[in-house]
Enquirer: 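Okay, handing you the structure first.
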Amino acid sequence: MEPLVRGASELGISLRDHHLAAFAACHEALVTWNQRFNLTAITDWEAVLIRHFLDSLSCLRAIHQQELAAGARVVDVGTGAGYPGIPLKIVCPGMRLTLVEATRKKVTFLEHLIGELGLKDVRAIHARAEQLGQDPAHRERYDWAVARAVGKMPTLVEYLLPLVAVGGSTLSQKGQDAPAEVQEAAYAISTLGGEVRQLVPVELRGLAETRYLVVVDKVASTPVKYPRRPGVPDKHPLLP
Ligand code: SAM
């Protein structure tokens, strides 16, 4: 656990014994289920600590821990095996978390994990972001929409921005290409009611490459025709 504890401390997060027990349980479930379902290519202990747990926690460089702890409504789109949502929930138990995932077997894993960790105020939904974005129970209902490794920015903002209430924000975890991707997404962002607030570079202990947190604020309602039908934002991203 040492690389996780030190890396988290460098991000200003102090991990206690109960957090470490939860992360250990998370790793065990991931490795066990991965033997039957292909959940992740990363299962090596140290790699999971850095590339899944610590990388997820790095979102707290852009989102205040106190805001999450105070009950912020967060949706994690294309969460896969629960990243970045589950590590954030472990550290900020007060947040109200919705995990959205298009693959049924991953949702089954998430339901198991939520029970195993005894997490409250977390739901895992089997759906595509495009469906939820047009569902009144989810459209413009969240304070934050977060995602990691789900799509290029012009596509991703069409998944995320419709879910966020005006005054809320989206956070996309990105690699080296973040600045170029954000430029490419300028038209999509303004069309969907967003405004880029900041790109936060993140250096993680044990990772050579720079990661970026792209924060986009929701400044106006998203026009009703967005998001478009499932698959369309990916096939035909909103470009000028
Ligand atoms: N966010 C996780 C992570 O960083 O480990 C998983 C990343 S994985 C590469 C992308 C996930 O997004 C897949 O599990 C896929 O099923 C899901 N996904 C892709 N498009 C989606 C959509 N439109 N709605 C919901 N889930 C989606």
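We count ligands from 1, going down the list as the structure has it; atoms in each ligand are counted the same way.
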Enquirer: Nearest to atom 10 (C) of ligand 1, what protein heavy atom do you find, and at what distance?
Expert: Ala149 O, 3.4 Å
Enquirer: Go through ligand 1 atom by atom and flag the ones less than 4.0 Å from a non-hydrogen atom of Thr79.
Expert: 1 (N), 2 (C), 6 (C)
Enquirer: Mind checking whether Val77 has a heavy atom under 4.0 Å from ligand 1?
Expert: no
Enquirer: Tell me which one of Val122, Val75, Asp121 satisfies side-chain contact (heavy atoms from CB on, under 4.5 Å) with Arg96.
Expert: Asp121
Enquirer: With clusters defined by side-chain heavy atoms of hydrophobic residues (ILVMFWY) lying less than 4.5 Å apart, directly or transitively, does Ile189 cluster with Val77?
Expert: yes
Enquirer: Which residue and atom name correspond to the protein heavy atom nearest atom 15 (C) of ligand 1, and how close is it?
Expert: Glu101 OE2, 3.5 Å
Enquirer: Could you find the nearest protein heavy atom to atom 4 (O) of ligand 1 and give me its residue, atom name and distance?
Expert: Arg148 NE, 2.5 Å
Enquirer: Is the closest heavy-atom distance from Ala127 to ligand 1 below 4.0 Å?
Expert: yes
Enquirer: Could you walk me through whether Thr210 and Gln176 pass the side chain to side chain donor-acceptor pair (under 3.5 Å) test, one step at a time?
Expert: CA-CA 6 Å; Thr210 300; Gln176 307 270 22; 4.6 Å; no
Enquirer: What residue and heavy atom of the protein are closest to atom 23 (N) of ligand 1, and at what distance?
Expert: Glu130 OE1, 2.9 Å
Enquirer: Check the angle between the aromatic planes of Tyr142 and His138 and answer parallel, tilted or perpendicular using the 30° and 60° thresholds.
Expert: parallel
Enquirer: Using salt bridge (charged side-chain N to carboxylate O under 4.0 Å, His left out) as the criterion, point out the one residue from Arg148, Arg205, Lys174 that pairs with Asp55.
Expert: Arg148
Enquirer: Do Arg211 and Ser58 get their side chains close enough for a donor-acceptor pair, meaning under 3.5 Å?
Expert: no
Enquirer: I'd like to check which ligand 1 atoms, numbered from 1 as shown, lie under 4.0 Å from a non-hydrogen atom of Lys106.
Expert: 13 (C), 14 (O)
Enquirer: Measure the acute angle between the ring planes of Trp45 and His27, then classify it against the limits of 30° and 60° as parallel, tilted or perpendicular.
Expert: perpendicular
Enquirer: Could you see which bit of Gln173 sits under 4.0 Å from ligand 1, with heavy atoms only: side chain, backbone, both or neither?
Expert: neither
Enquirer: Could you check whether Asn34 and Thr43, counting side-chain N and O atoms only, form a donor-acceptor pair closer than 3.5 Å?
Expert: no
Enquirer: Could you identify the single nearest non-hydrogen protein atom to atom 24 (N) of ligand 1 and state the distance to 0.1 Å?
Expert: Ala129 N, 2.9 Å
Enquirer: Between Ala22 and Leu117, which heavy-atom pair has the shortest distance, and what is it?
Expert: O-CD2, 3.6 Å
Enquirer: Any N/O of Gly78 closer than 3.5 Å to an N/O of ligand 1?
Expert: yes
Enquirer: List ligand 1 atoms under 4.0 Å from Ala102, heavy atoms only on the residue side.
Expert: 25 (C), 26 (N), 27 (C)
Enquirer: Which atoms of ligand 1 sit under 4.0 Å from any heavy atom of Thr103?
Expert: 16 (O)
Enquirer: When you look for heavy atoms under 4.0 Å from ligand 1, do you find them on the side chain of Asp76, its backbone, both, or neither?
Expert: neither
Enquirer: Ion pair present between Arg51 and Glu209, side-chain N to carboxylate O less than 4.0 angstrom?
Expert: yes
Enquirer: Quickly, which of Leu163, Val164, Thr222 forms a side-chain contact (heavy atoms from CB on, under 4.5 Å) with Glu140? Name it, please.
Expert: Thr222
Enquirer: I'd like to check whether His52 has a polar contact with ligand 1, where a contact means an N/O of the residue lying under 3.5 Å from an N/O of the ligand.
Expert: no
Enquirer: Give the residue and atom name of whichever protein heavy atom lies nearest to atom 19 (C) of ligand 1, and the separation in Å to one decimal.
Expert: Val150 CG1, 4.0 Å
Enquirer: Under 4.0 Å from any heavy atom of Tyr159, which atoms of ligand 1 are there?
Expert: 23 (N)
Enquirer: Only heavy atoms of Gly80, strictly under 4.0 Å: list the atoms of ligand 1 that pass.
Expert: 6 (C), 14 (O)
